[in-house]
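Notes follow once the structure below has been shown.
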Amino acid sequence: YGRVKFRLWSHKRSMGVAGVNINIDDTYQVKSDDKGYVQLYIPLSCQKVRYHISSPVEFARDTIVMPCGQNDIVEVN
């Protein structure tokens, strides 16, 4: 459950959202790539099933549940 991967997605624009800074569990910071993908590896000792996500951009949900991969999306409002 340490490999976190998902895509930020805008249904309004039907595309990934690039360049968004994301805070995962108030511990890890990551930025979405040019296609909206977010990737992070969390060390074994810190892994869990659910992670809280936050950003200056508003998301449709504030939690990701593991396992998640490249086909999972978090919608941007």
If you measure from CD1 on Ile22 to OH on Tyr51, what distance do you get to the nearest 0.5 Å? 15.0 Å
If you round to the nearest 0.5 Å, how far is CD of Gln29 from OG of Ser55? 11.0 Å
Could you give the side-chain donor-acceptor pairs of residues 2-21 under 3.5 Å, partners two or more places apart or in another chain?
from, atom 1, to, atom 2, distance (Å)
Arg7, NE, Lys35, O, 2.8
Arg7, NH2, Lys35, O, 3.1
Ser10, OG, Arg13, N, 3.2

hydrophobic_cluster_shared for Tyr28 and Val49, side chain cutoff 4.5 Å: yes
Strictly by salt bridge (charged side-chain N to carboxylate O under 4.0 Å, His left out), give each pair with a member in residues 22-31 just once, sequence neighbours left out. Asp25-Lys48
Please name all residues satisfying side chain to side chain donor-acceptor pair (under 3.5 Å) with Asn77, sequence neighbours left out, ordered by chain then number. Glu58
Less than 3.5 Å apart, which donor and acceptor atoms pair up between the side chains of residues 60-73 and the rest of the protein, not counting sequence neighbours?
from, atom 1, to, atom 2, distance (Å)
Arg61, NH1, Thr63, O, 3.2
Arg61, NH2, Ile73, O, 2.6
Asp72, OD2, Gly69, N, 2.6

